[in-house]
Number of protein chains: 2
Amino acid sequence: MRIALTINVRMILDNLGRRGYTARMAPKRQDRLAKRITARGRRLTDQRLVVAEALAACREAVSAQELHGRLRRGHPRLALATVYRALEAQVESGMARRLERSGHVSAYVACEPAHHHHLVCTRCQRVSDVDEALLRPLLRRIDDRHGFTVEHERLDFYGLCASCRRRAGDR
Amino acid sequence: MRIALTINVRMILDNLGRRGYTARMAPKRQDRLAKRITARGRRLTDQRLVVAEALAACREAVSAQELHGRLRRGHPRLALATVYRALEAQVESGMARRLERSGHVSAYVACEPAHHHHLVCTRCQRVSDVDEALLRPLLRRIDDRHGFTVEHERLDFYGLCASCRRRAGDR
DNA sequence: CTTTCTGCAAAGTATTTGCATGTTT
DNA sequence: AAACATGCAAATACTTTGCAGAAAG
């Protein structure tokens with residue numbers, strides 16, 4: 001960032017906006033993103049915000065390469081390596097999750113803080129979150145049945161989302 | 001296979017044993033593996049059997065590279081590409097599953113035919129299967145709550161297995 | 001005999017890293 | 001000013017493929 005010597009997050013964000021650095025997101029949401037980026041002592045940079053915004057804007061999972069491809073148009077100097085690093089940082093701070101994909105490529109999806117499990121529509125490719133409350137009973141049953149204490153889990157469900165199902169004549 | 005012109009699975013398997021091609025597995029189990037390998041019209045080869053045995057023998061997830069590393073000692077001519085192809089074939093016939101791993105490497109674990117979800121111990125790295133019956137209620141709740149019809153899912157639970165938990169002083 | 005598989009080597013991709021330089025705190 | 005992040009290019013994986021010869025059905 002060249003112009004501002006920065007005073008606070010809001011100022012930075014305003015600057016990004018003025019300089020054409022993606023600022024399509026509602027300011028409030030942008031603030032929230034920025035806070036989450038900086039949460040673990042990480043620094044707020046143009047690049048990280050842009051990547052985080054772009055990922056959050058995606059309804060489906062994307063790979064680092066795809067994201068870079070989409071962003072390079074608006075941000076020709078954004079390096080692929082930076083996208084990788086930014087996504088990895090997001091995963092570490094719980095803002096995103098990594099999914100496996102067919103061709104051995106990993107893909108990322110943005111997470112809501114408490115939502116870490118996904119419903120992936122095999123028709124429209126859209127990803128939505130599973131209501132976490134539904135899982136609690138399962139975790140308890142796993143403990144009862146297997147004596148296994150779940151610390152974290154990775155759940156991805158693939159199938160027909162509500163709207164595709166409707167469109168498909170309710171199956 | 002050079003010696004036998006092949007008459008039946010059992011003969012082939014015996015040959016493998018005689019020629020030093022890994023045959024540590026109980027014959028019955030080997031038969032079962034062989035049947036699953038050939039299930040979809042695929043052919044039974046030394047390599048596929050060796051890879052399948054090795055994977056089945058692993059209590060934890062391994063990558064294609066690791067497996068190749070372990071096997072090359074006993075089978076110096078086994079090509080890495082063959083291991084990849086063999087594992088992929090196993091995944092396709094439902095004998096194995098692919099898991100994601102930290103370093104963007106995919107790892108594989110052997111599956112029991114009907115068990116496709118895993119409990120991965122974060123301490124001893126051992127993998128066991130989740131009792132599928134526990135999942136049914138969850139799938140129903142997902143449909144109720146989200147209108148999403150699950151076709152298939154990928155569930156990996158990470159945490160403390162029963163024996164590590166015991167050893168760790170019952171948590 | 002036909003079809004499928006293997007090994008090898010050669011691509012192709014994907015991902016990570018070193019380092020000089022630029023930015024955020 | 002100190003700590004950290006970026007870009008670039010180079011180095012590393014990791015995975016897939018083409019092809020000729022070998023093996024299975």
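For clarity, every value in this text was computed on a predicted model and none was experimentally measured. So that the names make sense, note that chain A is the first sequence line, chain B the second, and so on, each numbered from 1. When reading the values below, keep in mind they use all heavy atoms of this one structure, side chains included, and skip hydrogens, waters and symmetry mates.
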Atom pairs, N/O to N/O, protein against nucleotides 17-20 of chain D, distance under 3.5 Å?
none

- Under 4.5 Å between any side-chain heavy atoms of B:Leu55 and B:Met95, yes or no? no
- Item | B:Arg165 and A:Asp143 ion-paired at < 4.0 Å | yes
- Item | Distance in angstrom units between A:Leu78 CG and C:dG22 P, rounded | 18 Å
- Query: How long is the line joining CG of B:Leu87 and P of C:dC5, in whole Å?
  - Reply: 15 Å
- Report the distance from atom CG of A:Leu67 to atom C1' of C:dA14, rounded to the nearest whole Å. 15 Å
- Query: Can you tell me how far C1' of D:dT6 sits from CG of A:Leu49, to the nearest Å?
  - Reply: 15 Å
- Query: Is the shortest side-chain N/O distance from B:Arg43 to OP1 or OP2 of C:dT3 below 4.0 Å?
  - Reply: no
- Note on the structure: Heavy-atom nearest pair, B:Ala64 first then B:Tyr84, reads CB-CE2, 3.5 Å
- Does A:Tyr84 have a side-chain nitrogen or oxygen under 4.0 Å from the phosphate oxygens OP1 or OP2 of C:dT15? yes
- Is any side-chain nitrogen or oxygen of A:Arg48 closer than 4.0 Å to OP1 or OP2 of D:dT6? yes
- Closest-nucleotide 5' rank along DNA chain C - winner of B:Leu80 and B:Gly41: B:Gly41
- Task: Measure the angle between the two terminal helix axes of the helix from C:dC1-D:dG25 to C:dT25-D:dA1, five base pairs each, and quote it to 10°.
- Result: 50°
- Query: In whole angstrom, what separates B:Arg77's CZ from D:dA23's P?
  - Reply: 9 Å
- Item | Polar side chain donor-acceptor pair, A:His75 to A:Gln47, under 3.5 angstrom | no
- Do B:Leu160 and A:Glu151 come within less than 4.5 Å of each other through their side chains, counting heavy atoms only? yes
- To the nearest angstrom, how far is A:His75 atom NE2 from D:dT6 atom P? 14 Å
- Message: Under the rule for salt bridge (charged side-chain N to carboxylate O under 4.0 Å, His left out), what residues qualify as partners of B:Arg140, not counting sequence neighbours?
- Response: none
- Query: Can you name the side-chain contact (heavy atoms from CB on, under 4.5 Å) partners of A:Arg70, sequence neighbours left out?
  - Reply: A:Cys58, A:Glu60, A:Val62
- Distance check: side-chain N/O of A:Thr45 vs OP1/OP2 of D:dT6, anything under 4.0 Å? yes
- Query: Does A:Gln47 put a side-chain nitrogen or oxygen below 4.0 Å from OP1 or OP2 of D:dG7?
  - Reply: yes
- Note on the structure: Applying side-chain contact (heavy atoms from CB on, under 4.5 Å) to A:Arg72 and not counting sequence neighbours gives A:His68
- Report the distance from atom CZ of B:Arg40 to atom C1' of D:dA24, rounded to the nearest whole Å. 20 Å
- Who are the side-chain contact (heavy atoms from CB on, under 4.5 Å) partners of A:Arg43, not counting sequence neighbours? none
- Task: Using only side-chain N and O atoms of B:Thr82, determine if any of them is under 4.0 Å from OP1 or OP2 of C:dG7.
- Result: yes
- Only counting residues at least two apart or in another chain, list the ones meeting side-chain contact (heavy atoms from CB on, under 4.5 Å) with B:Arg40. B:Arg42, B:Ser93
- Item | Gap between atoms CD1 and P, on A:Ile37 and C:dT24 respectively (whole Å) | 13 Å
